[in-house]
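A short worksheet on the structure shown next.
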Amino acid sequence: MAQVDLISVSKIYTGNIVAVKSVTLHVNDKEFVVLVGPSGCGKSTTLRMVAGLEEVSSGEIRIDSKVVNHVAAKNRDIAMVFQNYALYPHMTVYQNLAFGLKLRGYPKKEIDRRVRDAAEILDIAGLLQRKPRALSGGQRQRVAVGRAIVRKPKVFLFDEPLSNLDAKLRVQMRTELSKLHIRLQATIIYVTHDQTEALTMGDRIVVMKDGVLQQEADPIEIYQNPINKFVGGFIGSPPMNFIEGHIQAENGKSFFVRDQMKLRLLEATHEKISAYEKKKVILGVRPENIYDRLFAQDASDDFTVKTQVEVVEPTGSEVYLYLKAGNSHFVARVPPNDTVKENQDLQVVFDMSRVHLFDADTEKSIL
């Protein structure tokens, strides 16, 4: 396997359209890195530049310390798995798996050994004589992955490989790809717009927006400590709640204030927020950090907000409450044994040790 380095890599199309702007990223040997972001954020373009399918406008791409900007895609020793599988419809599964090796002149015995090894790993050994039209979506995706495995490349590149699968199959394939990474000890760069895929699969997540790398960190860090409002809102389902208000100081204490909502901020944050007194800020809080006061009766009134329940959304293992407090709307995630009903008045408690504050102008994290 290999390490991959992007050094101030940019992609600018005709008409001065900037798809990727000065991205610097180091991917360790055997690491599973996920590029995640909304459609058009530049993640697939970044992957295609690593693959050699797009030219780099500026910057350098290195694979194992070798600059590959002008190395043809076929000579970069990478394998790419696409969203649409890209299987040859007239070939059997065996022939699809063997095709790339055959083009490279491998001996028949070696091709057969690699194809059957990959088929065993992916549990498609019984499908080798079928053609793609006789396969399910999940089976086709396994064949596409198998075609990459037989190559034994330095780097695996995945471009939204699960987006065409149904929800249940996506969950299954996520697990299979994670197992595959552990088994192969492969260097993988994986692109998705699905933040759940990113959180569950990646050793490290790279969040992109408008061609710019916003934050890179392990899943827990990026979930708990987003660097800006965009990352906080993009990572997590349901997304982080955002409430715009201002900081108010009273008797040596600091409060976040919005309409009738008044929440005391913890002392540990005072130094960082002192410059924001009377200025607009955005409070961010995840749904699981808002509790029905019935289950947190010892909570301080300073952390409590009176709300009205607009919608109750049960999901089986938990319930989402869509709440209204004045002009503010937010979501709380509560246990399934909570008996709250629509239009009910409800006191909820904010876990102030888990809230985030963002600058209203720059949207960068204050804390």
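As a basis for the values below, the full set of heavy atoms in this structure was taken, side chains included, without hydrogen atoms, waters or symmetry mates.
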Test log, rule side-chain contact (heavy atoms from CB on, under 4.5 Å), inputs Gln141 and Val81: CA-CA 9 Å; Gln141 192 54 271; Val81 179; 3.4 Å; yes

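- Of the possible donor and acceptor atoms, one in the side chain of Ser300 sits under 3.5 Å from a partner among the backbone N and O of Asp302.
- The backbone N or O of Lys324 lies less than 3.5 Å from no partner atom in the side chain of Thr307, so there is not a single donor-acceptor pair.
- In this structure, Lys21 places its NZ atom where only 12 or fewer heavy-atom neighbours from other residues, nucleotides or ligands lie under 6.0 Å away.
- Rounding to the nearest 0.5 angstrom, the gap separating the CD atom in Gln224 from the NE2 atom in His356 is 8.0 Å.
- Residues Val50 and Val4 have side chains in contact (heavy-atom distance under 4.5 Å, counting atoms from C-beta outward).
- Between Glu54 and Tyr13, the side chains place a donor N or O and an acceptor N or O closer than 3.5 Å (distance only, hydrogens not considered).
- For the residue pair Glu221 and Tyr223, no side-chain donor N or O sits within less than 3.5 Å of a side-chain acceptor on the partner.
- Listed for the Arg62 side chain is no donor-acceptor partner under 3.5 Å among the backbone atoms of Asp5.
- In the hydrophobic cluster analysis, where Ile, Leu, Val, Met, Phe, Trp and Tyr join through side-chain heavy atoms closer than 4.5 angstrom, Ile7 is grouped apart from Ile63.
- Under a 3.5 Å cut-off, the side chain of Gln139 and the backbone N or O of Ser136 do form a donor-acceptor pair.
- Judged by distance alone, the side chains of Glu313 and Tyr322 do bring a donor and an acceptor atom under 3.5 Å apart.
- The closest donor-acceptor contact from the side chain of Arg170 to the backbone of Leu165 lies under 3.5 Å.
- Ring orientation note: the planes of Phe158 and Phe156 are close to parallel, at an angle under 30° on the 30°/60° scale.
- From Glu288, atom CD reaches atom OH of Tyr320 across 8.5 Å, with rounding to the nearest 0.5 Å.
- Remark: the backbone N or O of Lys30 is paired with a side-chain donor or acceptor of Thr187 at under 3.5 angstrom.
- Phe99 and Phe82 end up in different hydrophobic clusters when Ile, Leu, Val, Met, Phe, Trp and Tyr side chains are linked at under 4.5 Å.
- Between the side chain of Arg76 and the backbone N or O of Val68, at least one donor-acceptor pair lies under 3.5 Å.
- Judged by distance alone, the side chains of Glu160 and Tyr190 never bring a donor and an acceptor atom under 3.5 Å apart.
- A donor-acceptor contact shorter than 3.5 Å is absent between the side chain of Lys229 and the backbone of Lys364.
- More than 12 heavy atoms of other shown residues, nucleotides or ligands fall within 6.0 angstrom of atom CD in Glu110.
- The shortest distance between side-chain heavy atoms of Val206 and Val34 does not fall below 4.5 Å.
- When Arg264, Arg293, Lys306 are each tested for a salt bridge (charged side-chain N to carboxylate O under 4.0 Å, His left out) with Asp301, only one passes: Arg293.
- Between Phe32 and His181, the angle of the ring planes goes over 60°, which puts this pair in the perpendicular group of the 30/60° scheme.
- Within the 4.5 Å cutoff, the side chain of Glu310 has heavy atoms near those of the His329 side chain.
- Residues Val67 and Ile189 fall into different hydrophobic clusters, defined by Ile, Leu, Val, Met, Phe, Trp and Tyr side chains chained together at heavy-atom separations under 4.5 Å.
- Across Phe256 and Ile243, no two heavy atoms sit closer than the pair CZ-O, 3.2 Å.
- Taking a cutoff of 4.0 Å between a charged side-chain nitrogen and a carboxylate oxygen, Arg258 and Glu244 do not qualify as a salt bridge.
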side-chain contact (heavy atoms from CB on, under 4.5 Å) assessment of Gln3 paired with His26: CA-CA 8 Å; Gln3 65 181 28; His26 174 73; 3.5 Å; yes

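- Checking side-chain atoms of Gln185 against main-chain N and O of Ile182 turns up a donor-acceptor pair under 3.5 Å.
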Pair Phe234-Lys209, side-chain contact (heavy atoms from CB on, under 4.5 Å): steps then yes or no: CA-CA 10 Å; Phe234 190 81; Lys209 177 191 177 188; over 6 Å; no

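- Around CZ of Arg354, the count of heavy atoms belonging to other residues, nucleotides or ligands within 6.0 Å does not exceed 12.
- The same ILVMFWY cluster, assembled from side-chain heavy atoms under 4.5 Å apart, contains both Leu263 and Leu323.
- Using a cutoff of 4.0 Å between basic side-chain nitrogens and carboxylate oxygens, Asp112 and Lys108 are not scored as salt-bridged.
- Val285 places none of its side-chain heavy atoms less than 4.5 Å from the side chain of Phe330.
- Of the charged side-chain nitrogens involved, at least one lies within less than 4.0 Å of a carboxylate oxygen, so that Asp117 and Arg113 count as a salt-bridged pair.
- Side-chain atoms of Met49 and Glu55, non-hydrogen and from C-beta on, never get closer than 4.5 Å to each other.
- The main-chain N or O of Ser163 is never found under 3.5 Å from a side-chain atom of Asp194 such that the two would form a donor-acceptor pair.
- Other residues, nucleotides and ligands place more than 12 heavy atoms under 6.0 Å from the CG atom of Leu103.
- Using a 4.0 Å cut-off between a side-chain N of Lys or Arg and a carboxylate O of Asp or Glu, Glu250 and Lys253 do not qualify as a salt bridge.
- No side-chain heavy atom of His246 sits under 4.5 Å from any side-chain heavy atom of Val281.
- Two residues are said to be in side-chain contact when any heavy atoms from C-beta on lie closer than 4.5 Å; Ile222 and Val207 meet this criterion.
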Evaluate the side-chain contact (heavy atoms from CB on, under 4.5 Å) criterion for residues Ile290 and Asn241: first the C-alpha distance (whole Å), next the side-chain angles of each, then the deciding distance (0.1 Å), finally the verdict. CA-CA 10 Å; Ile290 303 175; Asn241 297 294; 3.7 Å; yes

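- Taking all atoms of both residues into account, the shortest heavy-atom contact from Asn228 to Val231 is OD1-N, 2.9 Å.
- Scanning both residues, Glu363 and Phe358, for their nearest heavy atoms gives O-CD2, 3.7 Å.
- Residues Leu97 and Ile149 fail the side-chain proximity criterion, which asks for heavy atoms closer than 4.5 Å.
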